[in-house]
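Here is how names work: the chains are called A, B, and so on, in the same order as the sequence lines, proteins then strands, and each is numbered from 1.
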Amino acid sequence: MQCWLMKSEPDVYSIDDLERDGSTYWEGVRNYSARNNMRKMTVGDLVLYYHSNAKPPGVVGVARVIKEAYADPHQWDRNSKYFDAKSTRDDPRWSMVDVEFVEKLPALVPLDTLKTTKGLEEMVVAKRGRLSVQPVTEKEFEIVKRIAHG
DNA sequence: GCCAACGTTGGC
DNA sequence: GCCAACGTTGGC
């Protein structure tokens with residue numbers, strides 16, 4: 001099983017929105033590294049749900065992959081902000097996955113804590129800010145969960 | 001709202 | 001294939 005971290009702005013789609021909906025499509029990823037990470041996901045992989053552009057930013061919950069990467073239909077929708085004229089039906093450029101709600105953590109784990117906690121120094125989110133879908137080791141995943149659960 | 005980091009685009 | 005210009009992300 002692999003673990004991941006996915007970022008969402010709470011003003012756009014928060015962990016509470018995911019809890020209410022039960023599951024969602026992770027549409028709109030338009031960065032190749034993030035897309036490539038999604039393409040490596042398999043059903044059952046666990047995801048740290050991270051609120052970016054939040055006060056404070058940090059991990060707020062856990063989700064699970066329930067559908068592996070498939071073409072994001074928004075790339076062919078002229079009216080979508082995710083439209084990409086260079087993406088063809090034969091060779092879709094952008095992918096998305098489906099995830100389901102697992103839990104909302106009892107406490108937010110702030111980015112600041114991720115950066116200073118022993119064992120988490122190498123987390124991508126702490127080193128390289130701008131990647132919206134990134135791998136996390138199982139060990140890192142467990143440490144983050146333990147912090148949140150006290 | 002600012003701006004640093006960094007990814008993408010496009011001219012050459 | 002280099003690199004300048006430009007756009008976006010996301011912390012602060």
Side-chain angles (χ1 to χ4, degrees), chain A residues 2-21 23-41 45-65 68-99 101-137 139-149:
Chain A
Q2 306 165 95
C3 299
W4 308 93
L5 180 146
M6 296 172 97
K7 295 180 184 176
S8 184
E9 298 188 29
D11 290 347
V12 178
Y13 196 83
S14 71
I15 188 71
D16 295 316
D17 293 321
L18 181 61
E19 180 169 23
R20 181 198 61 221
D21 295 344
S23 67
T24 192
Y25 317 106
W26 207 271
E27 86 279 6
V29 169
R30 294 293 178 271
N31 169 283
Y32 289 107
S33 302
R35 181 205 68 181
N36 292 343
N37 284 331
M38 284 202 297
R39 288 183 176 177
K40 292 179 199 156
M41 291 180 179
D45 284 359
L46 291 175
V47 178
L48 293 175
Y49 200 101
Y50 179 93
H51 278 176
S52 60
N53 267 322
K55 291 178 206 157
V59 176
V60 291
V62 177
R64 183 189 293 115
V65 176
E68 288 166 22
Y70 58 105
D72 179 348
H74 298 86
Q75 65 198 305
W76 300 306
D77 177 1
R78 285 193 174 276
N79 298 317
S80 170
K81 67 171 177 168
Y82 300 124
F83 176 70
D84 184 344
K86 291 180 181 168
S87 180
T88 64
R89 294 266 172 189
D90 291 340
D91 186 19
R93 182 178 287 197
W94 303 112
S95 303
M96 64 185 192
V97 296
D98 293 358
V99 301
F101 177 81
V102 174
E103 70 166 327
K104 182 175 177 178
L105 295 174
L108 175 144
V109 182
L111 174 61
D112 195 47
T113 302
L114 300 179
K115 285 179 174 169
T116 54
T117 300
K118 197 164 185 301
L120 300 181
E121 303 92 341
E122 296 303 311
M123 276 186 83
V124 180
V125 71
K127 304 183 77 172
R128 187 172 150 232
R130 274 165 283 321
L131 185 60
S132 64
V133 180
Q134 53 185 258
V136 169
T137 67
K139 196 171 247 177
E140 289 163 346
F141 188 93
E142 287 308 319
I143 293 173
V144 171
K145 269 191 70 174
R146 200 182 320 133
I147 294 170
H149 286 280

Pairwise distance CE(A:M123) to CG(A:L5) - rounded to 0.5 angstrom: 5.5 Å
Restricting to nitrogen or oxygen on both sides, can you table the protein-nucleotides 4-6 of chain C pairs closer than 3.5 Å?
none

Partners meeting side-chain contact (heavy atoms from CB on, under 4.5 Å) with A:E103 (sequence neighbours left out): A:V62, A:L105, A:K145, A:H149
Contact state string [nucleotides 7-12 of chain B, B base, S sugar-phosphate only, - no protein heavy atom under 4.0 Å]: SS-S--
First encountered from the 5' end of DNA chain B, between A:K127 and A:N53: A:N53
Touch class at under 4.0 angstrom, heavy-atom based, for A:K115 against every strand present: sugar-phosphate
Pairwise side-chain hydrogen bond (donor to acceptor under 3.5 Å, both in side chains) hits with a residue in residues 51-60 of chain A, at least two apart: A:E9-A:N53
Salt bridge (Lys or Arg N to Asp or Glu O under 4.0 Å) contacts in which one or both residues fall within residues 105-125 of chain A, not counting sequence neighbours: A:E122-A:K127
Which residues share a salt bridge (charged side-chain N to carboxylate O under 4.0 Å, His left out) with [X], sequence neighbours left out:
X	result
A:D77	none
A:R30	A:D72
A:R64	A:E100

Show me the donor-acceptor pairs within less than 3.5 Å that the side chains of residues 91-99 of chain A make with the rest of the protein, sequence neighbours left out.
residue	atom	partner	partner atom	Å
A:R93	NH1	A:Y32	OH	3.4
A:R93	NH1	A:D84	OD2	3.4
A:W94	NE1	A:D84	OD2	2.8
A:S95	OG	A:R39	NE	2.9
A:S95	OG	A:R39	NH2	3.2
A:D98	OD1	A:Y70	OH	2.5
A:D98	OD2	A:Y70	OH	3.4

